[in-house]
There are 2 protein chains.
Amino acid sequence: MARKSGSHSEITGPRIRHAALSLFAQHGYAAVSMRQIAAEVGVQAGAIYLYVTDKQALLFELMEAHMDDLLAAWAAVPKPKDPAALLRTFTDFHIAYHLDRPDQVFVAYMELRNLTPENFAAIEAKRRAYEAELEAILGAGTDGTFDVADTRVTAMALIAMLTGITGWYRTDGRLDAARLQEIYWQLTRKMVLPEPVTA
Amino acid sequence: MARKSGSHSEITGPRIRHAALSLFAQHGYAAVSMRQIAAEVGVQAGAIYLYVTDKQALLFELMEAHMDDLLAAWAAVPKPKDPAALLRTFTDFHIAYHLDRPDQVFVAYMELRNLTPENFAAIEAKRRAYEAELEAILGAGTDGTFDVADTRVTAMALIAMLTGITGWYRTDGRLDAARLQEIYWQLTRKMVLPEPVTA
DNA sequence: GTCTATAGATGGATAGAC
DNA sequence: GTCTATCCATCTATAGAC
């Protein structure tokens, strides 16, 4: 696996980021050494610094790339007009996106403490922008489509509920992604749609 | 603050655990050194080893104590017979307990990766026991009290939703604990109780 | 019971050969 | 572009004085 020496660059930069992401997700940023990352890629520790300024920048770039991808992916999704349909579009998107990228999601949620204050602020702003998307969907339904007492709290409750899937979901388990999307939509629907009037 | 020297033990052991918990919650287990913990307590690094075998044992003891406390506290709560009332008892308990111990909760959820395999298995078993409590409550209501398609998934969804509060709640914010308990009960109630028959 | 001192290992990051 | 070698800081844990 490990190259002997003298190889040309090819895609060493991306491979470093991929290895770092995987190791950070498994063991945590602080517990992973630059030497471990280099070994995973098959280069020596010193070579990493040709592609990354330092360890902190490596973490930040991974988290920023994830947040940017997330926001861009959601922006690219066609949005139905109907608030309830739009909400289902969001829950389906959130589940599918997060299940497809467990390492990115895990690092983005777990390593906030290890960012410098400036880097933390940048990531936090992007996270808030994403939360604001859901809040806006719920807020647009206060005409009677939704029955939501507190838009902000409900948005946070929904995101926590949906993101929590990544903590226990196993791809070889009894549920596939489509079934999960259906179950969580039923939970979401009951949570925010008005209850039918009793007979 | 820092003692000069020659002081007697008093409560140095508990103070070490308290300082470690606080620092682990802030910066993460791997990022915190034994010297930092010692400095917080006001002793030298070497003194810690009179009370703790090593850093891993320190982490494990903190997490085990938290899980044991959690299970014992729930066991001590009076349980109403009615499934819906019991569910509300659980959600109120979970919110109050978690809001009162943000550091313990944070460490218990974030540092699982840093446990040895044996220690991880021990903590995971206790966590599963707690999740099973909620699953049993939901399962006991399948006579018609609850409308739950998948007991296990719904239990995980509820726990993630409730625990997520600790990620954004600020004690100086606009919501107090009682208001949160009320909001989250409404969300929970709508999620799992059957919808009234339409007129 | 706490201190100082230190062993022994490992970390991030850099310099210079190839 | 990658490697080897290394600097220097820091870490966990222990030994022994007080």
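Scope of the values below: all heavy atoms of this structure, side chains included, with no hydrogens, waters or symmetry mates. Keep in mind the model is a prediction, meaning the values are calculated, not measured. Lettering of chains follows the sequences in order, A, B, ..., and the numbering in each one begins at 1.
- More than 12 heavy atoms of other residues, nucleotides or ligands lie within 6.0 Å of NE2 in B:H27, so this atom counts as buried by the packing criterion.
- We find the CG-CG distance between B:L138 and B:D147 to be 11.5 Å, quoted to the nearest 0.5 Å.
- Separating the CD1 atom of A:I16 from the C1' atom of D:dG1 is a distance of 11 Å, rounded to the nearest angstrom.
- Using cut-offs of 30° and 60° on the angle between ring planes, the pair A:W74 and A:F93 is tilted.
- The phosphate of D:dG1 (OP1 or OP2) has no side-chain N or O of A:T12 nearer than 4.0 angstrom.
- At whole-Å resolution of the value, CG in A:L50 and P in C:dA13 are 14 Å apart.
- Across the protein-nucleic acid pair, A:I48 atom CD1 and D:dG1 atom C1' stand 14 Å apart, rounded to whole Å.
- B:S33 has no side-chain polar atom (N or O) that falls below the 4.0 Å cut-off from OP1 or OP2 of D:dT10.
- Screening A:M67, A:E111, A:R128 for a side chain to side chain contact (heavy atoms under 4.5 Å, CB included) involving A:I123 leaves a single residue, A:M67.
- B:I37 has its CD1 atom 12 Å from the C1' atom of D:dC11, to the nearest Å.
- Of the N and O atoms on the side chains of A:Q186 and A:E182, at least one donor lies less than 3.5 Å from an acceptor on the other residue.
- Counting to the nearest Å, the C1' atom of C:dG11 and the CD atom of A:Q36 are 11 Å from each other.
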request  = Spell out protein contact along nucleotides 13-18 of chain D as letters: B when the base is contacted, S when just the sugar-phosphate is, - when no protein heavy atom is under 4.0 Å; keep the 5' to 3' order.
outcome  = BB----
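- Nucleic acid contact for A:V32: sugar-phosphate only, since backbone atoms but no base atoms lie under 4.0 Å from a heavy atom of the residue.
- Ring centers of B:Y130 and B:H94: under 6.0 Å apart, within the cut-off.
- An OP1 or OP2 oxygen of C:dT4 is reached within less than 4.0 angstrom by a side-chain nitrogen or oxygen of B:Q44.
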